[in-house]
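Residue numbers count from 1 along this sequence.
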Amino acid sequence: MFKPPPECPVFEPSWEEFADPFAFINKIRPIAEKTGICKVRPPPGWQPPFACNVDRLHFTPRIQRLNELEAQTRVKLNFLDKIAKFWELQGCSLKIPHVERKILDLYQLNKNVADEGGFDIVCRDRRWTAIALKMGFAPGKAVGSHLRSHYERILYPYNLFQSGANLLVSWTNALTLMVNLSVSVHIFVQKPTLPLDTSDKEYKPHDLAERQQFVQPAESCCNSARRAKRMRAESGCVKTEPGTEPCENRPNLRRRMGSFVVDLYICLVCGSGSDEDRLLLCDGCDDSYHTFCLIPPLNDVPKGDWRCPKCLAQECSKPQEAFGFEQAYRDYSLRAFGEMADSFKSDYFNMPVHMVPTELVEKEFWRLVSTIEEDVTVEYGADIASKEFGSGFPIRNGRFKVSEKDEMYLKCGWNLNNMAMMDPSVLTHVTADICGMTLPWLYVGMCFSSFCWHIEDHWSYSINYLHWGEPKTWYGAPGFAAEQLEAVMKKLAPELFQIQPDLLHQLVTIMNPNTLMSHGVPIYRTNQCAGEFVITFPRAYHSGFNQGFNFAEAVNFCTVDWMALGRQCVDHYRLLHRYCVFSHDEMICQMASKANSLDVVLASAVQKDMKDMIREEQDLRDKVRKMGVKHCEQAEYNLLQDDERQCAKCRTTCYLSAITCPCSPGRLVCLHHIQDLCSCPLTNYTLNYRFTLDDLYPMMNAVKQRAEFYDEWASHVTETLEAKLDKKKSLSVFRSLINKSELKMFPDNDLLRQLRLVTQDAEKCSSVAQQLLNGKRQTRYRCGGGKTQSQLTVEELRSFVRQLYNLPCSLPQAPKLKELLNCIEDFQTHSEKLLADETTGTADIQSLLDVSFDFDVELPELPLLRERLAQARWLEGVQQASTQHSTLTLETMRRLIDQGVGLTPHPSVEKAMARLQELLTVSEHWEDKTSSLLKARPPLSIEALSETAEKVAGIPAYLPNCLMLKDSISRAREWLQEAEALQDEDSIPLFCNLSDMVIRGQDIPVQLGPLKQLESLVAEVQTWKECAAKTFLMKNSHFTLLEVLCPRCEVEAGSPKRKSKKAKDITQHSKKKMVKLDCLSDVEKALSETKDSASALATLGEVRLQEMGALSSLRAANESKLLPTADCMGLKVCVCQNPPMGAMLQCELCRDAFHSVCVRASSDSRSAQAWLCPHCRRSEKPSLDKVLPLLASLQRIQVRLPEGDALHYLVERTVSWQQRARQVSSSCGLPDLEETSTVGCTHDLLHEQPGVCCAAADLSVELEELMVEGLLLQVSLPEITQLYHVLLNGLRTHHTNERTSLQDDDPSDSEKKAKRRLEREAVEPERRDKAKKLQNKRQKMNKEKNLERKAASTTSSPHSDFSQSDDSEEEMCPAEGCQQPEGDEVDWVQCDGSCNQWFHQVCVGVTAELAENEDYVCDNCTISDGR
């Protein structure tokens, strides 16, 4: 069974790599030349058009009989043909017998008998059974006797004939010969010659001797495949004498004595004419012999033609012709050949051609070539000249028209028409076109058509491209195995090489790759598919076959690295007497003549080759001269055809010199074979030379000069690479050499690749060595990491150190790494000692491990050291935790136990584990018990818990529940002491202290007696607070109870520009008396810190003073911002903080204005209450009757709290205010407040005169403050309402008296002031803006005159709108000699007379205070009123 060889390399270049074929081949050569062949897949999309003229292409293929191709099979066939011919000439046909149902291998049988010493020795020693076993037959079936019978019957006569025993001898020696051969004669007399056996298969000779006429391959050949019997040309072998008819025309070739005159026919052996019925007449020479006189003797007269021993020896001794392929009888077109090929394959495998697996075809091919029983014939169109029919690739100026997108393929380097003649190819310097070498050959294959083992001419490269069709299977052997392959084939088929010494150069012989591989020859294979290249390398033997119909193209090329092999090939051809395709010397001289244009690498190679050539030529010419050749003559051998200058002996093409003789015109020999020219004296010979040596040296020097620079670099590289020991260069030298090669653009040859490879290896080794020295990855072990993937073992480190010292360069890390290796070995020694010691401490182990942190290698001692370190650390941790009870928690014990479980077992670890487990069990028991005691409901007594606490005090561990138990007992005792002290005190306890004690007592899990009583007391206080909140707080109020009951400490005061002197004095006076309490929390804190109610009331009194001062400032600020001098557009009022507009409401307490749509007013327009804004109305203001019971109930509880003190102060303040109100009423002569009836309401007044409220400035300050303080009270009193009504009633009465004293149409001063204030509030912002605009306009228009003036209307509408203004006209001061003041703050005053015009205060001499408090009447109105 055929076993496929391993696959050869397959390369898939990128577009960048594919751009330069020679650079790519040079790049892959180190890999591919190891297998001899390689496959290259072009980049996707590289698909050249098929340019061959299919219609013009026609060829005559070669006929290939498959079993004649294989070397060992052909040897067997040659042997069988000889046996068949031997018996045919004696009138018998050869029939091959069957043994054990197999055809007997007669060649192997004959060879085995000969190896054992011959027939007689085998019979004597009875070795037939051994021969049967050697031939593969099973023992015990008497096969040996059958083999002896067949050998004796078929082969023994032939061997006797070959030994010459059956040749004729003289009559005197006849008897002696007969006696010596009596035994053999007796044997053959008893047995007939080749008896008929129906089981034997008749052998039909292949007539190889008749067909082995080597035919030179024609320019066009094709491959026809047929499963048919091969035709054998019948040729006569009978000797014809002059004057006689040929033997073929004789009707009967057997003659008896009775047919002719007796005296004419006598036996040439015995000389007797007796026994005429046994006398035979030769059909070749008519000599007569007795059947019993022949050796071996014949039993009967042969039925067919018979030859005598002389004629038989003459026929069988004819030299065998060289084997070659026959040409087919038919000329095929490409289409016709394809139809025939597809038909053959589909018929043979009985399936469509595209469905036949390549593996099946491969196995069947090697089966067919190895059998003699089946004759399969195919045809192969090989070596078709592309010059005649066109290449498959497009060429310039060719018949195939190339499209624009395919023009790239015309100049592509992978176009085989370009490749051989590109600059990197040496063949460009060969002047002649060599078909198949510099010009591509075409190959049309069919299934099983094959190309036999061969190497390319001149051991050149070859490249094959499969244009289309089914795959081509290749086998290759690397160039270094060429001689080994030749030796194996010569060993296995020596008979073929005896006939044809250059058999492997004829491309007619193959041998099974498995056979070659079994003898140690490396063989590789590949399947070349359509669109793929296969490249063969110099001297790489290759062969293969086609899987089916396909079309391929191939060409040769040579690179610089081939040149040395090229000269070696010429010497090899000389030994084989094989002609050269071109002259290697001529090519070298041709390149030397173009030295200035040669590449430096090529020049270097040419110089070296030329140096060898000149040295050899000089030696040969000196030898010839010494032999006696005197005549010399220059010859232009470059002008002659190659066949006109071939050596007559070795067929080498002569160029530099040759030897001729006048006796043989046109005949010449090379200087190696001067003795083979003719028999004339050497003095008659003439030395013909192309160049003198003086001509060759300058040519070589020119090339040398060109290559010196490269040679110097190459020599330096070689010296650097081969340096030893201390002469090694540093890595920087290697890098500099590479940089120099790149700078000088030296080609990418083997030397440069080796330099790069060595440099890369050295850099990698340097990097790894530095990493090992730095110990970078080893830091992972500090965090408990494990072995890294790239970590070396100690043995690998030793090997790596040896590798560093074996590098061609010296690395500075090498000695350091050697030192590191020594340290590691010391570490291993110390580790072994430490691990053997049972008493080693943690510090020693850790110090040793710390040393290992710098070793980035795998150390087997590290796991053991870490285990020992973990044990020691754990024991130390247990010991430390046991000595520090505060840190020995349950979790710590569990963690230590879990850690101990994961440790390697050790007696000390197990003892510590037992102690820890026992302590953990006890601790968990008491922890659970104390937890249940603390959670008991109802809580246990302090005595019971103290008893348990005493029991757990001796446990050496940190137990949270036990500590909590102790803490609870301690806190319970402290709480009881505080409760007892609280009961013993004479003062009333504070609510905050009681609440805090209750909270702390509830948090203590111990039974506390006084806790219930305190909880009840706190609950009563909470109930009181809720009741008070319901009484005072409004629904959804954001104020707290304390905030409502206390005086306001947080009153938002404005920053008025003008205040009355009295207001300022009051504010300053109040600030001096008040303690600074900025917020409610400060007040609450101050109340909590007071010791008794008196102190609390004093504190609240201070807050009251602060409240009154802040409120006074707020009222003044709010009133001032509503003055006419204010900026109306920038004014922010109300809760929405927008300018005044529409109907407005004014708070009677804070005096701020509010939009009626933003605040909620009473629906009753005649309400008797003063209107307060949302900021000032803080509570429901219950009556005093509802407040007094709250205060009484709090006094019964006997607990102080800030809300209670505030309520107490509120009640006292309310009562005090009532008394003051009555005193003021009586002192001012006002009606009794309790009897005064209610007249009007604020809303009614504001409705009649919007924006006007009660003018407190016209009454006494004391009365106004009294009303303000009454409004601040959070208790509703009838006196407050009555006082408010009295103030309103008194204002109207006062207005009426003033009106009767003046003219009827003059408004009262109060009304004027109110009106002026409101108008000023509405108009002042507008006037200020207009003044600014006017000023700017005056500056711009140069104080234009006659500006129109128009006074603003001062008549108040029933519903005033603070935002009304008229910007349509500009107003000017009507005063004479207006000073035109400028600035953002220009003060105005309105005439209170009849004109109502506005004047600058500075222009009429009115101060701001006067304008605020007094009426102003302009001069015009004064004169008018006087009239």
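- If you check the side chains of Ser1179 and Gln1274, you find a donor sitting under 3.5 Å from an acceptor.
- In this structure the side chain of Val1018 never reaches within 4.5 angstrom of the side chain of Met997, judged on heavy atoms.
- A donor-acceptor pair under 3.5 Å is formed between the side chain of Gln1146 and the backbone N or O of Arg1151.
- Counting heavy atoms from C-beta outward, Phe991 and Leu1017 have side chains that stay 4.5 Å or more apart.
- Side-chain contact check for Pro1005 versus Arg971: some heavy-atom pair is nearer than 4.5 Å.
- Ring geometry, Phe1154 versus His1175: the interplanar angle falls from 30° to 60°, so the pair is classed tilted.
- Contact check for Pro1047 versus Leu1100: side-chain heavy atoms found under the 4.5 Å cut-off.
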Inset, instruction - Give the intermediate values and the outcome of side-chain contact (heavy atoms from CB on, under 4.5 Å) for residues His1155 and Cys1136. - result: CA-CA 9 Å; His1155 303 110; Cys1136 63; 3.4 Å; yes
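- Residues Pro1010 and Trp975 form a side-chain contact, since some pair of their non-hydrogen atoms from C-beta on lies under 4.5 Å apart.
- Residues Val1159 and Cys1173 fail the side-chain proximity criterion, which asks for heavy atoms closer than 4.5 Å.
- With respect to the salt-bridge test (charged N to carboxylate O, under 4.0 angstrom), the residues Lys1035 and Glu1180 do not qualify.
- Counting heavy atoms of neighbouring residues, nucleotides and ligands inside a 6.0 Å radius, atom CD of Glu918 does not exceed 12 of them.
- By the 4.0 Å N-to-carboxylate-O rule, Asp898 lies too far from Arg894 to be salt-bridged with it.
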Legend entry - Derivation and outcome, side-chain contact (heavy atoms from CB on, under 4.5 Å), residues Leu1201 and Leu1042: CA-CA 10 Å; Leu1201 69 162; Leu1042 181 61; over 6 Å; no
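- When only modelled atom types and interatomic distance are considered, Thr842 and Glu876 share a side-chain donor-acceptor pair under 3.5 Å.
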Legend entry - Evaluation steps, side-chain contact (heavy atoms from CB on, under 4.5 Å), between Thr930 and Leu959: CA-CA 10 Å; Thr930 53; Leu959 304 178; over 6 Å; no
Inset, instruction - Give the C-alpha distance, both sets of side-chain angles, the deciding distance and a yes or no for side chain to side chain donor-acceptor pair (under 3.5 Å) between Gln1007 and Ser941. - result: CA-CA 5 Å; Gln1007 184 178 358; Ser941 65; 5.3 Å; no
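- Here the shortest heavy-atom pairing between Ile1197 and Trp1024 reads CD1-CB, 4.2 Å.
- The shortest side-chain heavy-atom distance between Trp1217 and Leu1266 falls under the 4.5 Å cut-off.
- Taking every heavy atom of both residues into account, Ser968 and Ile1004 meet most closely at O-CG2, 3.7 Å.
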Legend entry - Pair Ser946-Arg973, side-chain contact (heavy atoms from CB on, under 4.5 Å): steps then yes or no: CA-CA 11 Å; Ser946 298; Arg973 289 173 178 169; 3.4 Å; yes
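- A pairwise comparison of heavy atoms in Ala912 and Val878 identifies CB-CG1, 4.3 Å as the closest pair.
- Between Thr1040 and Val1044, every side-chain heavy-atom pair lies at or beyond the 4.5 Å cut-off.
- The pair Glu1107-Arg1213 counts as a salt bridge, with a side-chain nitrogen and a carboxylate oxygen less than 4.0 angstrom apart.
- Within a 6.0 Å sphere centred on CD of Gln1013, heavy atoms belonging to other residues, nucleotides or ligands number 12 at most.
- Using a cutoff of 4.0 Å between basic side-chain nitrogens and carboxylate oxygens, Glu1043 and Arg1048 are not scored as salt-bridged.
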